[in-house]
There are 2 protein chains.
Amino acid sequence: MLPNLTIRQLQTFREVMRSGSISEASRTLLRTQPAVSTMIANIEKELGFNLFVREHGRLTPSPEAHYFLEEAEEVLDRLDRTVRTMSEFGTLDRGSLRIACHPASSGFFLPKVLAEFLKGRPDVKADLVMRSSQVIEDMIASQEFDIGLAETPRQRSSIRIEPFRLECVIALPEQDPLASKDVLTPADLENYPMAMLFSDHPDTLATQRAFAQCGATLNRRFVLRTSLPALPLVGAGLCGAIVDRITAATSPAPGVVFRRFTPVIASSIALLLPAQRPASILTTAFRDYLRQHLVQVENTLISTG
Amino acid sequence: MLPNLTIRQLQTFREVMRSGSISEASRTLLRTQPAVSTMIANIEKELGFNLFVREHGRLTPSPEAHYFLEEAEEVLDRLDRTVRTMSEFGTLDRGSLRIACHPASSGFFLPKVLAEFLKGRPDVKADLVMRSSQVIEDMIASQEFDIGLAETPRQRSSIRIEPFRLECVIALPEQDPLASKDVLTPADLENYPMAMLFSDHPDTLATQRAFAQCGATLNRRFVLRTSLPALPLVGAGLCGAIVDRITAATSPAPGVVFRRFTPVIASSIALLLPAQRPASILTTAFRDYLRQHLVQVENTLISTG
DNA sequence: TTCAGGCTATAAATTGGATTTATATCGTGC
DNA sequence: GCACGATATAAATCCAATTTATAGCCTGAA
């Protein structure tokens, strides 16, 4: 029959060995002398042999006691490391984040949010990748990644979706006379040189529909893969641009002003989370943090400068 | 404030993770379901975060729970090894013996006793050295060695001494007419060729005194450092020999018979143990075992063959 | 739909091991 | 010889773990 030792027994034994005395140990352990005395006696009973030789009312550790001390220290140290590590999960000081984001958020928005979130958490690992929205959907469904930010996909049982409705805005050179208006219409932009995304993109399609409905001519001067490079073009006075709200809210854009547009062109961006499996504490915290920032972008009014 | 985990909590958690269910775990742990349920809840409270997501009355482990499982297994394994090792001390299956013996016991007696004692204890280490009795005394006093067997030294506070009085015997060729006698006297051995130890040795001195007292002539044909090589000389019919009891009792001696001698020449052999420090369990057991064998040698009658 | 049977959670009662309180014994040093 | 500091032991107490009892929830079968 093997002995059955408890952590408390190991701690008590260690302290008795360190101090060389039961009374002394009882003081540092904030217990009474009999408590320690009986606990040591119980350990000895469990082990089946004595750890100390008692003579003249003093304790002398046996060779086995010295060996046991080394073992006990290792067990206690191991447990201590575990406890420390586990409590770091609770304080968000440990863990890993696997984040997949779509092009528009990958330039400034997500890096900024992530940087803020990780400030002061040197032991948190992060894996941040940029992919097309379709690919992100699969990466979340397959649980390769913990959090996705992409254009809202159709409902799938393997993904939890939190959508945000973000109006696109018009970027204009700040000197342009149109910048005096709060809200622009297709008529205002009749034949105005514009930078826009590729033809397939929903925002492009929606813009074309808006112009067509008003009978206005859309002048697509620049075709881009992402909105970000439009900003320097606009800043240089070469064109205006239809820009998603995330890019507009976070990217540096000297010499550019943003104005609202009617009819509203809303891109539906969503937080994607793997369904079924629980998220880690860190993922949950970052999800909350990210959501908060998205809500903020959603609610920020575009004001006339 | 760091959490304070117990072994029982770790064991319980591990079982819940393994079986994937509190009810199932409670069965294998031979406890009731609420006991396990509250214990898991308490672990979560201590850690400060949940390890399982409860939905539909089922548990799903969080990523942190998987990590915690690995940690818990390591702690438990470490403790398990400790417990196993410590209980081996109790069953004498582990430990080390450092034994120093004097020449007479080093040839056959101590190796035989040690071999018997270690039978079936593959993990016990032994260090057996042969030294002069004076050196052994110091090696025990300095606690370099655990057990010494040597000629009885004077009292020292750093050594505990257990003396044994062992009569020397006469070795004779079995064909010799003297072999018919039970007890020999110096007169019987008048001018008989003898193998003996060097002149300084107490047994040699005592023998010389005995012969002198009887006015008998002692014929020292062979002078040896130990008694053992005397036996083949005696067996070959070249001489008789004064042999210490330990050598006589345990060494193979074909063609040799042993007879008592008066006046008695007694060598005082002693078990030497370090004072002050407690002996290991294994040392204590071996000391008992060795003592028993010494008593046996002490009490064995030399019978006429 | 309902019912049986699986799961988990919670409250209250119980238990048992750890702890405290109280006391005895032994040695050492003054 | 006596105070002091050590350890051991017994009895009382306390607290955490466990059991008992119960309720809620979901699933699958009738």
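The basis for the numbers below is simple: all heavy atoms, side chains too, and nothing from hydrogens, waters or symmetry mates. Order of the sequence lines fixes the chain letters, A, B, ..., with proteins taken first and strands second; residue numbering starts at 1 for each chain.
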So which protein N/O to nucleotides 25-29 of chain C N/O distances come out below 3.5 Å?
none

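- For A/R160, the CZ atom sits in a packed shell: over 12 heavy atoms of surrounding residues, nucleotides or ligands are nearer than 6.0 Å.
- A perpendicular orientation is assigned to the rings of A/F117 and A/F286, their planes being inclined by more than 60° (bins at 30° and 60°).
- Not counting sequence neighbours, the partners of A/R18 by the side chain to side chain donor-acceptor pair (under 3.5 Å) test are A/E73.
- Bounding nucleotides for the chain B contact on DNA chain D, 5' to 3', at a heavy-atom distance below 4.0 Å, are D/dA17 to D/dC26.
- Take B/R31 and apply the side chain to side chain donor-acceptor pair (under 3.5 Å) test, not counting sequence neighbours, and it matches B/T12.
- Each salt bridge (Lys or Arg N to Asp or Glu O under 4.0 Å) pair with one or both residues in residues 146-159 of chain A, not counting sequence neighbours, appears once here: A/R98-A/D146, A/E137-A/R156, A/D138-A/R156.
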Exercise for review: Apply side chain to side chain donor-acceptor pair (under 3.5 Å) to the pair A/T82 and A/R78, showing each step before the final yes or no.
Suggested key: CA-CA 6 Å; A/T82 294; A/R78 191 68 197 72; 3.2 Å; yes
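- Applying the side chain to side chain donor-acceptor pair (under 3.5 Å) criterion to B/E64, with sequence neighbours excluded, gives B/S62.
- Rotation axes derived from the C1' atoms of the five outermost pairs at either end of the helix from C/dT1-D/dA30 to C/dC30-D/dG1 lie 10° apart, to the nearest 10°.
- Only B/S37, B/T38, listed by number, bring a heavy atom of residues 35-42 of chain B to less than 4.0 angstrom from any atom of DNA chain C.
- Salt bridge absent: A/R81 and A/D77 never bring a charged side-chain N and a carboxylate O closer than 4.0 Å.
- Straight-line distance from the CG atom of A/N4 to the P atom of C/dG16: 16 Å, rounded to whole Å.
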Cut-off 3.5 Å, no hydrogens considered: what does the side-chain donor-acceptor table look like for residues 123-132 of chain A, sequence neighbours left out?
from: A/S132; atom 1: OG; to: A/V135; atom 2: N; distance (Å): 3.4

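- Sequence neighbours left out, the pairs with a member in residues 36-54 of chain B that pass side-chain hydrogen bond (donor to acceptor under 3.5 Å, both in side chains) are B/E44-B/R54.
- Scanning for salt bridge (charged side-chain N to carboxylate O under 4.0 Å, His left out) contacts around A/E70 gives an empty result, with sequence neighbours left out.
- Taking every heavy atom of residues 13-32 of chain A and every atom of DNA chain C, pairs under 4.0 Å involve A/R31, A/T32, by number.
- At most 12 heavy atoms of other shown residues, nucleotides or ligands fall within 6.0 angstrom of atom CD in B/Q155.
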